[in-house]
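On a predicted model such as this, the values are computed, not experimentally measured, just so you know.
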Amino acid sequence: MVLFLDPPVHQLALSLDPDLRSVLRTLTRLGNSAWPLGFGLLAFAVLRLLLPQARGRAKVALRRAQACVLLLMTAVAGSGLLASLFKNMIGRARPTMPEGGVFDFSVLAFQPGWASFPSGHATTAMAMMTVLAMIWPRHALALVFTGALIALTRGLIGVHWLSDVLAGMTLGALVTLALRQRIDGQRRRALLSPAMAALAAAALRDGGQNIWHHGTDVARSRGTFCLRDDGPQLLDKAK
């Protein structure tokens with residue numbers, strides 16, 4: 001691959017239409033680990049808030065959803081840390097470096113220009129989409145294809161060699177599969193079945209409504225609502 005695919009793919013990347021490169025640069029941002037980690041933390045916080053209010057099967061569904069969120073964050077963070085460690089230890093030159101060739105390395109360089117192999121964005125994209133494919137197995141093919149497309153944009157915009165991208169995709173998928181194996185052992189089931197997903201969605205809706213009504217009750221206890229032409233206004237009783 002390094003000999004026969006990396007150079008021509010990089011030349012193809014340099015020859016692409018600027019408008020297409022702009023689209024690819026937008027798409028490649030989805031491989032930034034800040035997206036799954038940020039939304040994962042938000043979802044985890046919401047689930048932790050609603051879990052004490054849930055009962056019965058709804059509570060089980062929310063716990064299952066929380067496990068899915070934890071798996072997503074662990075897979076993305078764990079594979080991302082390994083990718084960062086490997087790329088800085090290996091020290092392969094990026095194709096954007098003036099002296100960067102497919103066989104140029106500077107071991108333990110710890111510099112961005114010498115941190116090409118494996119691609120961190122490709123690792124994150126494949127880890128994220130592999131987890132989502134486990135959560136929604138009916139859409140696994142489309143999700144994995146989307147992850148591969150996001151990963152390949154790294155090579156098509158010329159910031160990584162193709163071999164960097166495929167190494168990152170492999171790393172992200174393998175770390176995720178290893179984590180799933182660790183969690184479920186030999187069981188092969190959807191992380192969140194359609195029935196459990198429906199229960200979790202209903203519990204989230206009901207929990208959100210309860211929080212809203214509780215906040216409204218607190219507001220009423222401190223003041224009064226006055227309906228006006230420009231909408232409901234909260235008035236302080238002291239006034």
Side-chain angles (χ1 to χ4, degrees), residues 30-82 123-140 142-144 146-147 172-173 175-227 231-239:
L30 296 176
N32 191 322
S33 60
W35 292 103
L37 292 179
F39 281 109
L41 285 172
L42 178 61
F44 183 78
V46 171
L47 289 168
R48 289 292 293 177
L49 182 65
L50 297 180
L51 262 171
Q53 307 173 30
R55 296 291 182 271
R57 287 178 57 81
K59 192 161 193 171
V60 174
L62 288 179
R63 282 178 175 169
R64 196 70 181 169
Q66 181 177 265
C68 292
V69 172
L70 284 175
L71 177 60
L72 175 65
M73 292 193 297
T74 305
V76 169
S79 61
L81 286 173
L82 285 175
T123 302
T124 293
M126 191 51 65
M128 174 174 60
M129 291 304 173
T130 303
V131 173
L132 294 180
M134 292 174 177
I135 297 173
W136 296 296
R138 291 185 178 181
H139 308 291
L143 290 166
V144 171
T146 302
V175 168
T176 305
L177 292 172
L179 286 170
R180 174 69 192 277
Q181 181 74 12
R182 180 73 176 175
I183 293 171
D184 273 354
Q186 296 301 317
R187 289 177 292 178
R188 291 293 180 267
R189 59 176 178 175
L191 286 176
L192 197 64
S193 66
M196 281 293 180
L199 277 173
L204 285 169
R205 183 191 65 238
D206 295 342
Q209 289 175 349
N210 289 337
I211 291 174
W212 168 258
H213 292 319
H214 175 71
T216 302
D217 292 340
V218 171
R220 286 199 182 102
S221 68
R222 296 178 178 177
T224 57
F225 280 103
C226 175
L227 291 176
Q233 302 291 326
L234 181 62
L235 303 180
D236 193 330
K237 282 183 177 179
K239 295 182 179 179

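Between G147 and A125, the closest heavy-atom pair is O-CB, 3.8 Å. Considering every non-hydrogen atom in both P36 and V76, the closest pair reads CG-CG1, 3.9 Å. Shown here for A127 and A75, the closest heavy-atom pair between the two residues is CB-O, 4.0 Å. Considering all non-hydrogen atoms of both residues, G172 and S79 come closest at CA-CB, 4.1 Å.
Side-chain contact between L177 and M134 is present, with heavy atoms from C-beta onward closer than 4.5 Å. No side-chain heavy atom of N32 sits less than 4.5 Å from a side-chain heavy atom of T124. You'll find the side chain of T146 reaches within 4.5 Å of the side chain of M129, heavy atoms only.
Applying the side chain to side chain contact (heavy atoms under 4.5 Å, CB included) criterion to F44, with sequence neighbours excluded, gives R48, Q66, V69, L70, M73. In this view, L82 and F86, L171, V175 satisfy the side chain to side chain contact (heavy atoms under 4.5 Å, CB included) rule, not counting sequence neighbours. Checked against side chain to side chain contact (heavy atoms under 4.5 Å, CB included), A77 has the following partners two or more places apart in sequence or in another chain: L37.
In this structure, L42 CG and L47 CG are separated by 9.5 Å, a value rounded to the nearest 0.5 Å. Here the OG1-CG distance, from T130 to L179, works out to 11.0 Å after rounding to the nearest 0.5 Å. Atom CG of L72 and atom CD1 of I135 lie 6.5 Å apart (nearest 0.5 Å).
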